[in-house]
Amino acid sequence: MSAAEQKLAEQPAPTTVAPDTVSTPEPAVVAAAADNATTATAPSETPETPAAPAAPAAPGASGAQDAPAPAEADSEVPVPAETKEPTETKELAETKEPAETKEPLVEKAPVDDETPIAKLWAAAKATGHPEIWGVTLADPETHVPTRIVLQKYLNANEGDLDKAKDQLTKTLEWRAKTKPLELVKKAFSKTKFDGLGYVTKYLQDGSTEPEAKEVFTWNIYGGVTSIDETFGKLQEFLDWRVALMELALQELDLASATKPITAEYDPYKIFQVHDYKSISFLRQSPQVKSASAETIKVFAQNYPELLKEKFFVNVPAIMGFVYAFMKLFVAPKTIKKFHPMSNGGNLAVEFADSKVAALGEKLPANYGGKGAELEEQGKGPLLE
Ligand code: HEM
């Protein structure tokens with residue numbers, strides 16, 4: 001049992017959805033939520049190989065049918081490595097064929113543009129929008145960052161090419177419309193968003209491996225002083241929330257990534273923390289409900305496979321019902337990455353396994369570390 005799970009076990013999480021009532025605690029829900037999603041899966045040799053159609057239903061299709069596709073849906077389903085890497089096949093065939101001979105080339109199947117990654121690339125080009133998460137898309141055959149992005153769409157959809165294509169196309173259309181990179185340059189209202197969101201990054205000296213970098217986004221929703229101010233204008237809140245996510249993506253810096261990912265191996269993900277300390281309102285207002293539901297939906301569609309683990313800290317025991325309510329909107333596989341904790345001071349011990357040495361110590365003291373406060377070590381969307 002991890003420290004998060006122990007903390008969780010201390011804290012009841014009722015399942016009743018009625019927002020105005022505090023219902024009977026139900027430890028089973030807590031246990032399920034704390035379940036870690038790091039299910040071991042067979043390694044795949046072919047990163048782009050789609051999962052077999054017989055894989056379990058896509059996230060969002062099981063349990064909560066109407067729930068959006070999860071932003072951070074895991075790809076835990078083993079992916080059979082049936083097909084040979086087409087490029088390898090081609091290279092092999094060509095090198096074996098002496099240039100002088102007139103014999104016909106060995107038949108190459110499938111050709112490069114038939115791989116799922118190549119098909120996603122074709123779909124991406126067709127939308128006309130050139131970037132995603134700070135990566136200017138280019139031929140994935142030679143451009144690792146693009147290959148990573150496209151593979152994430154396959155992973156989010158359990159290797160289902162049609163679904164991946166659909167989600168990718170919608171993301172690119174959304175980015176063309178929303179212009180998230182411009183939101184990062186925009187200044188938001190200090191009155192509404194001051195102290196509510198930060199991004200931090202931690203590096204392991206001497207290593208260039210992707211594991212040597214950990215990026216966190218922090219949502220200090222306990223710091224909200226006026227629901228009407230912060231959540232009253234939904235689009236404004238969403239824009240700010242998207243700007244925060246894009247800042248985190250800048251730190252993740254996929255554009256400089258050099259290591260391809262597979263269905264099972266993907267170190268390019270972000271930790272998220274929601275801090276509900278000192279929450280001044282104990283009921284979920286309609287504004288909070290719609291802001292949360294809409295954020296979850298937008299993120300599920302447009303930021304798949306970017307969540308490593310998510311910690312909800314300083315959750316007042318009396319608000320266990322909120323957790324139960326929120327889970328209704330989230331796909332089961334994403335929920336497995338959630339860790340509610342009653343005491344934020346225990347957060348630091350969760351990162352003992354990180355490749356970034358003493359990561360926990362680098363966190364602010366509020367979270368059990370020895371590092372500077374978030375205001376000092378973090379950055380957030382611009383405010384005016
Ligand atoms: C009443 C004060 C609260 C506010 C203002 C609030 C705000 C939000 C918002 C805006 C989101 C959207 C997702 C995001 O920003 O990343 C969210 C998601 C969520 N919140 Fe809260 N929340 C509150 C209380 C709680 C409590 C007490 C819990 C219990 C643990 C909770 C659990 C969750 C969960 C599980 C999600 C889904 C996260 C995801 O899909 O990534 N919330 N919340």
Side-chain angles (χ1 to χ4, degrees), residues 4 7-8 11-15 17 19-20 22 25 29-30 32-34 59-60 64 67-73 192-193 196-199 216-232 234 236-245 248 269-344 381:
K7 286 300 115 200
L8 195 53
Q11 187 211 310
T15 48
V17 171
D20 292 342
V22 177
V29 175
V30 177
E72 308 89 3
K192 297 179 180 183
F193 302 111
L196 301 187
Y198 299 97
V199 172
F216 284 61
T217 56
W218 305 79
N219 281 106
I220 318 298
Y221 288 130
V224 172
T225 47
S226 163
I227 292 179
D228 284 341
E229 286 283 343
T230 304
F231 302 109
L234 181 56
E236 201 178 345
F237 169 75
L238 272 176
D239 285 352
W240 170 84
R241 184 67 186 85
V242 165
L244 183 70
M245 183 64 186
K269 293 189 179 179
I270 297 169
F271 282 118
Q272 296 194 318
V273 181
H274 281 205
D275 186 345
Y276 293 115
K277 192 169 182 185
S278 326
I279 254 178
S280 56
F281 32 94
L282 289 178
R283 290 186 180 188
Q284 257 199 310
S285 70
Q287 291 101 316
V288 170
K289 278 185 191 164
S290 51
S292 327
E294 195 56 25
T295 311
I296 292 167
K297 206 170 104 197
V298 167
F299 277 53
Q301 161 52 48
N302 300 304
Y303 297 102
E305 290 292 312
L306 287 165
L307 177 70
K308 200 172 260 186
E309 300 281 338
K310 189 157 187 159
F311 298 89
F312 301 87
V313 305
N314 298 317
V315 178
I318 197 171
M319 295 194 73
F321 72 89
V322 181
Y323 188 61
F325 176 79
M326 289 297 184
K327 289 199 308 180
L328 295 177
F329 300 96
V330 183
K333 286 209 304 192
T334 303
I335 290 172
K336 286 184 183 172
K337 296 179 179 176
F338 288 1
H339 309 281
M341 300 166 73
S342 53
N343 181 358

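Each ligand, and each atom within it, is numbered from 1 in the order the structure gives.
In terms of polar-atom proximity, defined here as any N/O pair under 3.5 Å, Tyr323 makes no such contact with ligand 1. No N or O atom of Gln272 sits closer than 3.5 Å to an N or O atom of ligand 1. Below 3.5 Å of separation, one finds an N or O of Lys310 facing an N or O of ligand 1.
Considering Lys297, Lys337, Met326 only, the shortest heavy-atom separation from atom 32 (C) of ligand 1 involves Met326. Scanning Phe231, Phe311, Tyr276 for the heavy atom closest to atom 21 (Fe) of ligand 1 points to Tyr276.
In this structure, Val315 is part of the shell of residues with a heavy atom less than 4.0 angstrom from ligand 1. Residue contact check for ligand 1: Phe237 places a non-hydrogen atom closer than 4.0 Å to it. Between Lys327 and ligand 1 there is no heavy-atom distance shorter than 4.0 Å.
Under 4.0 Å from ligand 1, the heavy atoms of Phe338 that appear belong solely to its side chain. When heavy-atom distances to ligand 1 are checked against a 4.0 Å cut-off, Ile279 comes that close only through its side chain, counted from C-beta outward. With a heavy-atom cut-off of 4.0 Å, Pro340 does not touch ligand 1 at all.
Using a 4.5 Å heavy-atom threshold, the side chains of Phe299 and Leu307 count as separate. With contacts defined as side-chain heavy-atom distances shorter than 4.5 Å, the pair Lys310/Thr334 does not qualify. At least one side-chain heavy atom of Met245 sits less than 4.5 Å from a side-chain heavy atom of Leu306. Looking at heavy atoms from C-beta onward, Thr230 lies out of side-chain contact with Trp240 at the 4.5 angstrom threshold. Within the 4.5 Å cutoff, side-chain heavy atoms of Asp228 are placed close to those of Gln287. Looking at heavy atoms from C-beta onward, Val322 lies out of side-chain contact with Val288 at the 4.5 angstrom threshold. For the pair Phe311/Phe216, no side-chain contact is recorded, criterion being any heavy-atom separation below 4.5 Å from C-beta on. A 4.5 Å side-chain heavy-atom check between Val242 and Tyr303 finds at least one atom pair inside the cut-off.
Near Val330, with a cut-off below 4.0 Å to any heavy atom, the atoms of ligand 1 are 40 (O). Close approach of ligand 1 to Ile296 is summarised as follows: ligand atoms under 4.0 Å from at least one heavy atom of the residue are 37 (C), 40 (O). Less than 4.0 angstrom separates some heavy atom of Arg241 from each of these atoms of ligand 1: 14 (C), 15 (O), 16 (O).
Atoms CD1 and CD1, on Ile220 and Ile279 in that order, are 11.0 Å from each other to the nearest 0.5 Å.
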